[in-house]
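As structure tokens, the structure follows; a few thoughts come after it.
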Amino acid sequence: MKYYLQIFLILFTFLVYNTSAQVKTNIAPNASVNCSTTSGNGCWNLNRINDTDTGSCGTQQAFVWSANPPASSDYIEWTWTTAQTFNE
């Protein structure tokens with residue numbers, strides 16, 4: 001019985017680890033990034049958006065200058081050369 005429990009735990013651990021590893025695919029680095037803003041300051045540090053460096057908690061690595069409240073025409077856009085899919 002102990003042998004079967006060990007086998008079950010090993011298989012279960014492998015299954016959980018393998019499934020969670022597949023879910024974490026980052027498609028953003030494959031895209032080109034562009035932005036548009038009504039503010040004269042434009043976009044700050046936009047090249048950092050897709051560099052896969054998440055920085056430290058609470059720091060801003062890139063953003064779009066905008067009015068308060070933001071204009072509906074202010075945006076950041078990711079564009080891929082081919083259609084991309086992902087699981088939510």
Side-chain angles (χ1 to χ4, degrees):
M1 183 68 176
K2 184 178 177 182
Y3 173 76
Y4 293 114
L5 181 58
Q6 288 174 339
I7 296 295
F8 172 76
L9 289 175
I10 290 170
L11 291 174
F12 182 76
T13 303
F14 176 75
L15 178 65
V16 169
Y17 176 76
N18 191 31
T19 303
S20 65
Q22 293 175 2
V23 174
K24 299 176 183 177
T25 301
N26 185 357
I27 64 171
N30 300 328
S32 59
V33 183
N34 189 20
C35 78
S36 178
T37 178
T38 54
S39 170
N41 293 324
C43 303
W44 180 76
N45 222 10
L46 195 60
N47 62 322
R48 297 293 308 272
I49 289 284
N50 278 0
D51 68 359
T52 68
D53 177 7
T54 57
S56 59
C57 184
T59 61
Q60 292 182 327
Q61 292 188 308
F63 59 85
V64 175
W65 287 97
S66 187
N68 189 8
S72 61
S73 58
D74 294 348
Y75 65 88
I76 298 176
E77 176 181 65
W78 283 259
T79 306
W80 289 267
T81 56
T82 59
Q84 302 292 307
T85 60
F86 59 93
N87 295 330
E88 293 184 57

Residue pair Cys43 / Val64: nearest heavy atoms and the distance that separates them: SG-CG2, 4.1 Å
- request: Identify, with sequence neighbours excluded, every residue that meets side-chain contact (heavy atoms from CB on, under 4.5 Å) alongside Trp78.
  value: Ala28, Ala31, Val33, Ile49, Asn50, Ile76, Trp80
query: Which salt bridge (Lys or Arg N to Asp or Glu O under 4.0 Å) pairs, counting each pair once, include a residue from residues 37-47, with sequence neighbours left out?
result: none
- request: Give the minimum heavy-atom separation between Ser66 and Ala71, together with the two atoms involved.
  value: OG-N, 3.9 Å
- line: Rounding to 0.5 Å, atoms OG1 (Thr37) and CH2 (Trp44) come to a distance of 15.0 Å
statement: Closest heavy-atom pair, Ser73 versus Thr38, reported as atoms and distance to 0.1 Å, is OG-CG2, 3.3 Å
message: I need the Phe63 CZ to Asn45 CG distance, nearest 0.5 Å.
response: 8.5 Å
